[in-house]
Amino acid sequence: MHVYNTRAQIVYIVYLVHLKTIPTVMNNYRKAVKQIMLTIFLFSTCWSLLAQTKGNTSPQKSSLKLWYNKPSGKVWENALPIGNGRLGAMIYGNVETETIQLNEHTLWSGSPNRNHNPQALDSLAVIRKLIFEGKQKQAEQLANKVIISKQSYGQMFEPAGEIHLSFPGHESFTNYYRELDLERAVTKTTYIVNGVTYTREAIASFSDRVVAVHLTASKPHSISFTASYSTPQPKVEVRTQQSKQLTFAGTTIDHERVKGMVRYKGIAEFKPEGGSVTSTDSTITVKDANAVTIYISIATNFNNYQDLSGDENQRAASYLNNATPKTFADILKAHVAAYQKYFNRVKLDLGTTSASELPTDERLKNFNSTNDPAFVTLYYQFGRYLLISSSQPGGQPANLQGIWNRSLYPAWDSKYTININAQMNYWPAEKTNLSELHEPFLTMVKEMAITGQKTAKDMYGARGWVAHHNTDIWRATGAVDGAFWGAWSNGGGWTSQHLWEHYLYTGDKAFLESIYPILKGAALFYADYLIEHPKLHYLVVNPDESPENAPQAHQGSSLDAGVTMTNQIVFDTFCSTIRAAEILNKDQAFVDTLIKTRSRLAPMHIGQYGQVQEWLDDIDNPKDNHRHVSHLYGLFPSNQISAYRTPALFAAAKNTLLQRGDVSTGWSMGWKVNWWARMQDGNHAYKLIQNQLTPLGVNREGGGTYNNLFDAHPPFQIDGNFGCTSGITEMLIQSADGAVHLLPALPDVWKEHGSISGIKAIGGFEIVQMEWKNAQVVKLVVKSNLGGNLRLRVPNALKLSNGILKTATGENSNPFYKITATAEPVISPKANLSSPELSKTVVFDLATQAGKTYAFYGN
Ligand code: FUC
């Protein structure tokens, strides 16, 4: 549809027609005309090019834009996401019929319910015995009967329908352009029809709880359209009110024996400037307006996971009535300010090349064959944008699709898979300075800690709380899907570590006090549930599995006892609970028990192929390229495998990564960026970014990225976006291994020059600014929010602007950097381990004071 320089072409055609009609006798006149027309042509071409590049120049002014010169068409993954943590919308930017696909964070199928299977307890001893005897398949069959839920496998995050705006006469248009401005959280679509430039902007307002759409035109009285609503939901009533409101109201669907009881109400109000607005019983028509603002409010009766007594009508009306008196300009201003409070905290500059001048979809296509560092910056900030837009305090956590889902039966219910995916969503939260946005996830953990108590007691006869590999808005903690995937009881242990991580970054002792019972509950569950391995005598979890993977040796069954990831999670759960109790000065007797129990956990094993063993037995297949590499939980997000403290495990982790391979599902590649960053191999981490930033379909059997930069499992799954954003941070700054490590994994392509500001490190340090040249830190500004020793690990020596840095000695005295030693691994005599080469670093200590900022320079 796009015509490159229409005006120039029209002028030139007029010129040609003109020449034909002028008699030849008027040769001189003709020359003069030719001159004039040529001048007009050149001028017009330039003007047109300018107008065309206006679209092109705006993204250059701000490189933080996703922009395209084509509409989305029917492809949802071309549309651009906006969200305010409560409302989500996908803006298609289609010209003749615009589609605004809507979501609301609490619009889920079902209603308060429990899904644990209490039959587990009676058969637990039998299942354990079968597994210890090597009869995994039999154990799995029994587990399917008694452990796996006979109720819901988890409820679904549901769509709120679509508003369509159809513009008669807009079938043919020119100068098309659309963008998502990450610096302002605004989408914009512009095009020309009959000489009129039309512009549409859309926001999901952070300050006013509505989606607001603003339509303008370059000539008065030019805006006419009809609005309608469609939805895949079966139980919806659509109406119009006062000629200017389009409303929809419904109740969500039943699913897997759970009655759908979430009632919702949506109101879209159309406020034209000039012109008229009329309605039928299900459509609104605006005619000849100068501009139009559409306010969309949606609310449900959801109060919390056990209470649906809210009034969706009153809520939807009150959000709407607060917004409609305001102009779009007012709403936009407050929205941008509220959004930028978060977004502006972090700036990243990896350099810019001419590759960045193309539309986003073309940059994606070219990324693997060009040097486009600014594309990584864009993708990085898009990850932060997505977290801000899908996770706001008081709202629901970002689910498998963040807050964007158009399907009634979405993949994996668009809920929370907690054997990796939901955690990955929150990896960027603390380090990219979005700590407050961790809150919805942390609240979900607190709520699972309540529902999970009965699950722990009924299923396993244990105190504390447990969650399996999935949860949903009702905080289900039962085992679902099938024993192969679901007989994994570490959803509680792992998610509880996010509470501890939040404390490590913020130092908020009141918060630690408030969540201590949850950490303790997760540890208590393991203290009761661990059982001695009859042959190896370690304390292990049984039944257990290494998420979704099965060793060949177990006849296709995933069930086992004491798998590596679980041992690592139990270790972390104990360590953080012990540390928290020490800091809060409580529960000495329990701490003693945990310390004793911890010493009996299985250490990591290094197997015959030099790999970190996934299972206690050395049964890994070095050709296995399963997407989950769960046994490297200890390398990332945990810090049990370290370049400096555990060299043999570090070498083995590298072998595991090499054996597992690179290309996989989107989220798996996102995880691998983090792992290679921890391996201090920037080039390999960058290779994974390349693999991930590949248009879907190019990686055979793997994921990639959609045109709107959503991560492709496939299908769309947002975890990969967040995982990669975390990984890019880990390439530049890490703080999990006893020091703030600067430039631990800088790839060759970014070596020359770059800078990052606003990143957070453990212990409340903020990297206010870091600039590097030729892979050396040349400028560094660190703010110490909590005081304490700042240990810096840097590729080159630094000078403090007003003081002297001491070479680091001994353990880091900063309590936030205290690390419990990882147990010595058991190493197979067949293992061939060669130590990965590490770049040289220098390590400094600086005693800091809370609230002070320190400036350093490279030598
Ligand atoms: C886990 C993964 C799948 C998918 C699902 C949502 O089960 O193994 O790949 O990401 O979560």
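Each ligand, and each atom within it, is numbered from 1 in the order the structure gives. The basis for the numbers below is simple: all heavy atoms, side chains too, and nothing from hydrogens, waters or symmetry mates.
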Examine Glu548 against ligand 1 and note whether any of their N/O atoms are separated by less than 3.5 Å. yes
Determine whether the aromatic ring centres of residues Trp427 and Trp671 are separated by less than 6.0 angstrom. yes
Considering only the protein, which heavy-atom contact is closest to atom 11 (O) of ligand 1, and what is its distance? Asn421 OD1, 3.2 Å
Using 4.0 Å as the upper bound for N to carboxylate O, is an ion pair formed by Arg660 and Glu614? yes
Can you tell me if Thr665 contacts ligand 1 (heavy atom of the residue under 4.0 Å from the ligand)? no
Closest protein heavy atom (residue, atom, distance) for atom 4 (C) of ligand 1: His713 NE2, 3.4 Å
Is it true that the side chains of Gln423 and His498 contain a donor and an acceptor less than 3.5 Å apart? no
Region of Trp485 engaging ligand 1 - heavy atom pairs below 4.0 Å: neither
Just do the side chain to side chain contact (heavy atoms under 4.5 Å, CB included) check on Ile253 and Gln233 with the steps written out, would you? CA-CA 8 Å; Ile253 55 175; Gln233 298 278 354; 4.2 Å; yes
Ranked by distance from atom 2 (C) of ligand 1, the top protein heavy atom is His628 NE2, 3.4 Å
Donor-acceptor pair, Ser72 side chain versus Asn78 backbone, under 3.5 Å? yes
Give me the atom names and distance for the closest heavy-atom approach of Cys724 to Ile689. SG-CG1, 4.1 Å
Does an N or O anywhere in Asp719 fall below 3.5 Å from an N or O of ligand 1? no
Decide, yes or no, whether a salt bridge links Arg678 with Glu730 under the criterion of side-chain N to carboxylate O below 4.0 Å. yes
Salt bridge check, Lys687 against Asp662: does any charged N sit closer than 4.0 Å to a carboxylate O? yes
For ligand 1, which atoms sit closer than 4.0 Å to a heavy atom of Arg627? 2 (C), 3 (C), 8 (O), 9 (O)
Applying a heavy-atom cut-off of 4.0 Å, say which part of His469 lies close to ligand 1: side chain, backbone, both or neither. neither
Would you say ligand 1 has an N or O under 3.5 Å from any N or O of Gln717? yes
Residue Leu400 vicinity, atoms of ligand 1 by number, heavy atom under 4.0 Å: 6 (C)
